[in-house]
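Bear in mind the structure is a predicted one, so any value in this text is a computation, not a measurement. In listed order, ligands and their atoms are each counted from 1.
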Amino acid sequence: MHNKTLAELADGLKSGEFSSVELTTHYLDRIKSLDSQTNAFISVTEEQALSQAAEADKTRAAGDATALTGIPIAHKDIFCTEGVKTSCGSKMLDNFIAPYESTVTEKCNNSGLIMLGKTNMDEFAMGSTNESSFYGPTKNPWDNTKIPGGSSGGSAAAVAARLAPIATGTDTGGSIRQPASMCGITGLKPTYGRVSRWGMIAFASSLDQAGPMAQTAEDAAMLMNSIAGLDHKDSTSIDTPVDDYTANLNNGLEGLRVGLPKEYFAEGLDDSVKTVIESAIKEMEKQGAILKEISLATTSLSIPAYYVIAPAEASANLSRFDGVRFGHRCEDPKDLTDMYTRTRGEGFGDEVKRRIMVGAYALSAGYYDAYYKKAQQVRRLIKNDFIKAFDEVDVIAGPTAPTTAFGLGSIKNDPVAMYLEDIFTLSVNLAGLPAITVPAGFANGMPTGLQLIGNYFQESKLLNIGHKYQQVTDWHKKTPEQFA
Ligand code: GLN
């Protein structure tokens, strides 16, 4: 049952092969017996899941089922879920029971999806390895000595280990695509503003975007149909028509112009990853795509620009965690200052503190123009680079990450080495573009994913290309042995 895609599960529910209660129980049992090997979940909401599933079975019996009714899902623990602990991977929010529901999870509930639980993540989504989680690192289901990627590493591991058929993630600088690549699943980062950020705990508000993490592009499309769209509660949500993301999955790729940025295949890219990505691109060519070398000259500037802008926004967003209204508060504060300093000192981990310090510095009087303003100007140049590229090509293809999953702890204490891992994903967020990662093969014995970047609101096209690629390859069907 757990190797079925969403589309297959929907068929099974429809034909009565199994009920939602049976399906949900199956996944809950798998989580119970297998999650100790991967630590993908922070909370499992068994009782709620079973009652939602019973409800879904009733809805189906009454003839009111949607395409997703009765299918289980796991949510990244960054989405507020009413009455359920929402920790964002931090000690700061270890005691936080969200009093309201995020738009993304509410839309999932309204589509009849069943929440299995909340997944592990880097603290406040800051990281690329899940090692900054207060709840201990998630381990890669393909090799439990390796990282799963991050920050949506729990969601990626849950889907790869078949502990959930689909999951939500968020991507501020690569956090959907990079763990998808490292765990061998499909992940879509939508255009900024396509999916509501309301109720999603903010890291860097001008970059954060939620999206699906799934086995297949088709499954990701099914979830996009549920979560995309205008939300008046999010002022950056965009009011343009929402596609039917499953409608164009089978369009042919003849004549599709695919740009290959020379900067994405240069020094720093692991040779065996490069070989995998090149052969994935050849598959697209076989289906009629036309390849064209392009240049995204600002690629290397994305790291310094992002690591000023994201911390700057984070330092502002995280000022709300002060022990006054919610979250952790230190014991017996002497006075207000003592409460602020000890609460924040105890509640935040090292990486979060590092970002707050960098961000506060970059925004301070005297440095604002030199760092923050300059970074915003570079951001504009990065965006211009993409706009120019999309005059010549329909999509851009390349690797998602320069390496495959590396050993847990291997670069944990080297933040700069960690930041360099984000080289192929950050520009997309700085420009606000959509991008998808699809499993493309194995390098160094670990999965790696092809990244396709689209023009604004071209999610349908990305899903279409991903789907066509998955029609002729079976990388997305591979399951780690002990989770088969
Ligand atoms: N690795 C990047 C960072 O640490 C991206 C994280 C994300 O997308 N949430 O900021």
Over 60° means perpendicular and under 30° means parallel, so tell me whether Phe326 and Phe96 are parallel, tilted or perpendicular.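 Rings of Phe326 and Phe96: tilted, 30 to 60°.
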Does Glu313 form a side chain to side chain donor-acceptor pair (under 3.5 Å) with Ser205? I'd like the steps, not just the answer. CA-CA 7 Å; Glu313 294 184 15; Ser205 309; 4.7 Å; no
Enumerate, one pair per line, all nitrogen or oxygen atoms of ligand 1 lying under 3.5 Å from a protein nitrogen or oxygen, stating the separation to 0.1 Å; write 'none' if no such pair exists.
| unit_1 | atom_1 | unit_2 | atom_2 | d |
| --- | --- | --- | --- | --- |
| ligand 1 | 1 (N) | Gly127 | O | 3.1 |
| ligand 1 | 1 (N) | Ser128 | OG | 2.8 |
| ligand 1 | 1 (N) | Asp422 | OD1 | 3.4 |
| ligand 1 | 1 (N) | Asp422 | OD2 | 2.9 |
| ligand 1 | 4 (O) | Gly127 | N | 2.9 |
| ligand 1 | 4 (O) | Tyr307 | OH | 3.3 |
| ligand 1 | 4 (O) | Arg355 | NH1 | 3.4 |
| ligand 1 | 4 (O) | Arg355 | NH2 | 2.7 |
| ligand 1 | 8 (O) | Thr172 | N | 2.8 |
| ligand 1 | 8 (O) | Gly173 | N | 2.6 |
| ligand 1 | 8 (O) | Gly174 | N | 3.3 |
| ligand 1 | 8 (O) | Ser175 | N | 3.0 |
| ligand 1 | 8 (O) | Ser175 | OG | 2.6 |
| ligand 1 | 9 (N) | Ala125 | O | 2.8 |
| ligand 1 | 9 (N) | Ser151 | OG | 3.4 |
| ligand 1 | 9 (N) | Ser175 | OG | 2.7 |
| ligand 1 | 10 (O) | Tyr306 | OH | 2.6 |
| ligand 1 | 10 (O) | Arg355 | NH1 | 2.8 |

Test your reading of the model: is there a side-chain donor-acceptor pair from Ser155 to the backbone of Thr168, 3.5 Å cut-off? yes
For residues Arg30 and His2, determine if any side-chain heavy atom of one lies less than 4.5 Å from a side-chain heavy atom of the other. yes
When you look at Thr81 and Glu101, which way does the side chain to side chain donor-acceptor pair (under 3.5 Å) test go after all the steps? CA-CA 5 Å; Thr81 42; Glu101 194 76 26; 5.5 Å; no
Under 4.0 Å between a side-chain nitrogen and a carboxylate oxygen: does that hold for Asp208 and Arg197?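 The answer is no: the pair does not qualify as a salt bridge.
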